[in-house]
Amino acid sequence: MGLKKAFKKLPASFYRLDALEVARALPGRILVTDRDGIRTSGRIVEVEAYTGVNDRAAHSFGGRRTPRTEVMYAAGGVAYVYLCYGIHHLFNVVTGPEDNPQAVLIRGIEPLEGITDMLLRTGKTKADSTLTRGPGNVSRALGLHTADTRTALDGDRMFIMDDGFRYADQLLGVSPRIGVDYAGEDAQLPYRFYIKGNPYVSGKPR
DNA sequence: GAGTAGATCCTCT
DNA sequence: GAGGATCTACTCA
């Protein structure tokens, strides 16, 4: 691998912060997976925060604890991947201290390394903006599935880097989350953070 | 370009 | 046994 200096892997302590703080800090960072010698990475451009027991949209709302959601109660810094609609794998970062079940859903990245492998995994023939737009596509392109739940995010197989790049403050958009209408009033909470105008952000451009 | 239906399977009641 | 933190293709205009 190349120069290490400019690329700083985010430490486990970063993920112990609240989901909202982590979510605000993630756009612009680089998500990397290294599986079977295949390295793929992309710059995060869209995330959503799920703030735990008080958040109707979160799997852990009301302190619900099941075999599936158990990993959300771990200390921040591990992956939570689960299957949605029987088709899509959704990749989350568990955040907050132990027994505070929060998470951040990664919804969109801008591909950087391993684009050829992403095409193979997704079965696409050209690298257009649909390659890694939307949480289902992100997981597919990075080769993530439910078995990757509990993988440490400060290890070698999966991590997030800070390469010093920063989006301008005015490019960071905030909006309600997507697909959580069932959550009542909580569906309106401004917990989605995205880069305005970026083609890898799901939903309508603004 | 906008709206809608169908895919598909694991998890919890 | 129901339903879900979604995506794509197809229709109609």
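Throughout, protein chains are lettered first and strands after them, A, B, ... in sequence-line order, and every chain is numbered starting at 1.
The separation between A/Leu90 atom CG and C/dT6 atom P is 6 Å, rounded to whole Å. In this structure, A/Glu70 places its CD atom 14 Å from P of B/dT11, rounding to the nearest Å. The separation between A/Phe61 atom CZ and C/dA5 atom C1' is 15 Å, rounded to whole Å. Residue A/Tyr182 contributes atom OH, which lies 8 Å from atom P of C/dT6 at whole-angstrom precision. Rounded to an integer number of Å, the gap from CG of A/Asp148 to C1' of B/dC10 is 16 Å. Following rounding to the nearest Å, A/His89 (NE2) and C/dC7 (P) show an atom-to-atom distance of 13 Å. Spacing between atom NE2 of A/His88 and atom C1' of C/dC7 amounts to 4 Å, rounded to whole angstrom units.
One P atom belongs to B/dT8, the other to C/dG1, and the distance between them is 22 Å to the nearest Å.
A/His59 has a side-chain polar atom (N or O) that falls below the 4.0 Å cut-off from OP1 or OP2 of C/dA5. Here A/Arg107 reaches the OP1 or OP2 of C/dT6: one of its side-chain N or O atoms lies under 4.0 Å away. Between A/Arg140 and C/dT8, a side-chain N or O to OP1/OP2 separation shorter than 4.0 Å is present. Applying the 4.0 Å criterion to OP1 and OP2 of C/dT8, one finds that A/Lys124 has a side-chain N or O inside that range.
The nearest heavy atom of DNA chain B to A/Thr146 and to A/Ile87 marks one nucleotide each, and the one closer to the 5' end goes with A/Ile87.
Residue A/Leu83 has its side chain nearest to B/dC9 when only C/dT6, B/dC9, C/dT8 are considered.
When both pairing distances are held under 3.5 Å, B/dT8 makes no Watson-Crick or G-U pair with any nucleotide shown.
Note that CG of A/Leu131 is 8.0 Å distant from CD1 of A/Ile109, once rounded to the nearest 0.5 Å.
Taking the six-membered ring where tryptophan is involved, the planes of A/Tyr167 and A/Phe165 are perpendicular, since the angle between them exceeds 60° and thus also 30°.
A/Arg68 comes within 4.0 angstrom of sugar-phosphate atoms only, judged by non-hydrogen atoms across all strands, and of no base.
Annotation: cation-pi geometry satisfied between A/Arg65 and A/Tyr73 (NZ/CZ under 6.0 angstrom from ring centroid, within 45° of ring axis).
Checked for salt-bridge contact, A/Lys9 and A/Asp163 miss the test: no charged N lies under 4.0 Å from a carboxylate O.
Residue-nucleotide stacking is present for A/Tyr50 and C/dA5, judged by a side-chain ring centre under 5.5 Å from the six-membered base ring centre and planes under 30° apart.
In this structure, the side chain of A/Asp186 engages the main chain of A/Arg56 through a donor-acceptor pair within 3.5 Å.
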